[in-house]
Amino acid sequence: MKTSALMAAAAAAILAAGCRDDKPVLHIYTWSDYIAPEVIQGFEEANGCKVVVDTFDSNENMYAKLKAGGSGYDIIMPSSYFVPLLAKEGLIAPIDKTKIPNVAKNFDKSFESQITDPDFKFSVPYAVTYTGIMYAKDKVPAGADVESWSIFSNPAFKGKATFLDDIREVIGAGLMSLGYSLNSKNPKEIDEAVAQVLKWKANVRKFDAESYKTEVASSATWLGHGYSTDAMQVIVGDEEAGDAPRKDIGFALPKEGFVIAFDEMAVSSGAPNPALAYAFIDYVYDGEVAKVNMEYNMGPMPVAPGIAALDDEYRDQIVLKPEVAKRGQVLRPVEDDPAVKALYDKAWDRIKATGGAPDAGK
Ligand code: SPD
């Protein structure tokens with residue numbers, strides 16, 4: 001049977017009308033692979049609603065979209081260090097704590113020093129990621145130290161390394177490798193960090209905050225500057241999807257220091273459905289929901305009963321050991337100071353404009 005284009009369009013329209021329902025919709029704007037599908041489904045069933053998730057790959061891109069207006073999002077998940085800027089610009093609304101009782105009940109205070117808004121005035125902490133190096137074990141030459149940022153200058157990785165497309169992460173790696181604070185506001189230190197990153201850039205085929213996850217897994221990339229949650233999801237594998245653990249892939253947190261970055265849940269100031277937004281924030285602070293979410297994410301949420309309930313096989317991979325955690329540095333805001341922001345923006349422009357290895361990824 002042959003169907004004309006018009007008939008096909010009519011059939012599609014009838015089908016769409018038949019499928020339409022009037023459920024309320026919660027729109028979430030977040031990072032990729034960051035909310036367990038079971039959590040979304042559980043929330044939809046419990047609240048008779050539909051959840052639509054859109055993703056961003058950097059705080060800067062998220063901010064640009066919000067500034068352009070008309071996003072229609074209810075919940076936004078900026079990193080903690082970005083919350084002051086969004087609050088200052090009126091892009092997120094003050095939190096009504098009376099609507100999220102699970103947060104006061106279950107927040108794990110041991111994470112308090114890692115967040116920017118400990119009174120939850122504009123945001124509620126969601127989860128934390130650690131930034132390090134995801135690598136293909138069989139490509140690391142004998143004697144090379146994968147626990148050091150300096151591995152990015154090893155010629156064995158020419159055209160096979162990637163950096164996150166993220167201004168604070170990249171400049172921060174440069175700063176920490178030189179022994180400076182991740183949150184430096186010192187122009188001389190930032191200049192030195194740029195020079196360091198440019199040395200590494202001779203090996204780097206691209207800046208990308210998402211593709212390294214699958215590319216290290218397929219050996220298109222051998223060294224990926226990346227987030228702990230993304231790397232651990234690949235390394236541990238998705239049991240239910242039948243993916244075996246990847247023993248050939250490693251993730252290292254460099255000895256010179258690594259980034260600790262909390263991501264938060266904030267209610268958009270133009271939220272079409274703030275009631276559902278609060279219901280979602282409260283839902284993910286339930287201990288059992290948080291456990292499921294953490295075991296999907298492979299990173300900690302500051303939800304005490306959720307951490308207590310983690311299966312032993314996952315606990316060691318999700319919760320950092322204190323001796324490792326002490327090497328980490330928490331990303332703090334610099335973006336709300338226009339002079340410092342301009343310093344970082346200029347440094348980033350120089351990094352992006354200079355050098356780089358030809359794309360050897362294919
Ligand atoms: N796929 C999850 C990525 C989460 C990244 N969070 C931290 C970003 C700070 N630059």
Side-chain angles (χ1 to χ4, degrees), residues 28-37 39-40 53-65 75-86 111 114-117 123-134 162-176 182-183 193 197 207-217 224-236 238 251 253-254 257-266 284 293-302 317-318 320 328-336 341 344-345 347-348 351:
I28 302 179
Y29 196 30
T30 186
W31 306 83
S32 61
D33 302 327
Y34 218 24
I35 308 174
V39 168
I40 299 276
V53 177
D54 272 359
T55 60
F56 54 84
D57 60 3
S58 73
N59 286 291
E60 289 73 22
N61 287 343
M62 172 269 299
Y63 173 71
K65 184 159 182 187
I75 293 183
I76 300 157
M77 294 200 185
S79 297
S80 204
Y81 67 91
F82 228 77
V83 166
L85 178 67
L86 300 186
F111 289 95
Q114 300 178 10
I115 54 179
T116 304
D117 183 16
S123 61
V124 176
Y126 174 70
V128 60
T129 53
Y130 311 111
T131 313
I133 304 169
M134 183 178 179
T162 61
F163 274 159
L164 286 169
D165 194 3
D166 188 301
I167 177 168
R168 295 293 307 279
E169 296 282 359
V170 172
I171 297 174
L175 285 164
M176 288 184 293
L182 166 65
N183 302 298
V197 171
F207 291 80
D208 193 301
E210 289 177 343
S211 61
Y212 66 90
K213 184 176 177 176
T214 47
E215 287 180 356
V216 177
H225 178 213
Y227 299 118
S228 52
T229 47
D230 290 337
M232 292 313 294
Q233 285 171 16
V234 173
I235 291 169
V236 168
D238 182 348
F251 182 71
L253 293 171
F258 61 89
V259 170
I260 297 178
F262 248 96
D263 296 308
E264 305 260 350
M265 294 177 284
V284 297
N293 208 26
M294 284 187 266
E295 290 180 357
Y296 166 83
N297 260 344
M298 294 308 295
M301 296 175 68
Q317 286 151 315
I318 291 176
L320 274 196
Q329 296 192 35
V330 176
L331 263 180
R332 302 286 181 201
V334 296
E335 291 71 12
D336 52 341
K341 184 174 183 314
Y344 272 81
D345 285 345
W348 189 231
I351 288 170

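Keep in mind that the numbers below use all heavy atoms, side chains included, and drop hydrogens, waters and symmetry copies. We count ligands from 1, going down the list as the structure has it; atoms in each ligand are counted the same way. Predicted, not measured: the structure shown is a model, and the values here were computed from it.
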Suppose we screen for salt bridge (Lys or Arg N to Asp or Glu O under 4.0 Å). Which residues come up paired with D165, at least two apart in sequence or across chains?
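Only K352 meet the salt bridge (Lys or Arg N to Asp or Glu O under 4.0 Å) criterion with D165.
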Of all residues at least two apart in sequence or in a different chain, which pass the salt bridge (Lys or Arg N to Asp or Glu O under 4.0 Å) check with D166?
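Once residues adjacent in sequence are excluded, D166 has no partner under the salt bridge (Lys or Arg N to Asp or Glu O under 4.0 Å) criterion.
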With sequence neighbours excluded, residues passing ring-ring contact (aromatic ring centres under 6.0 Å, His included) with Y29:
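With neighbours one apart ignored, the set is F56, Y73.
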In Å, rounded to the nearest 0.5 Å, how long is the span from [atom1] of [X] to [atom2] of [Y]?
X	Y	atom1	atom2	answer
L85	Y63	CG	OH	4.5 Å
M77	M62	CE	CE	11.5 Å
I28	I75	CD1	CD1	5.0 Å

List by chain and number: which residues place a heavy atom under 4.0 Å from ligand 1?
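These residues qualify: W31, S32, Y34, S79, Y81, T129, D166, E169, Y227, T229, D230, A261, D263.
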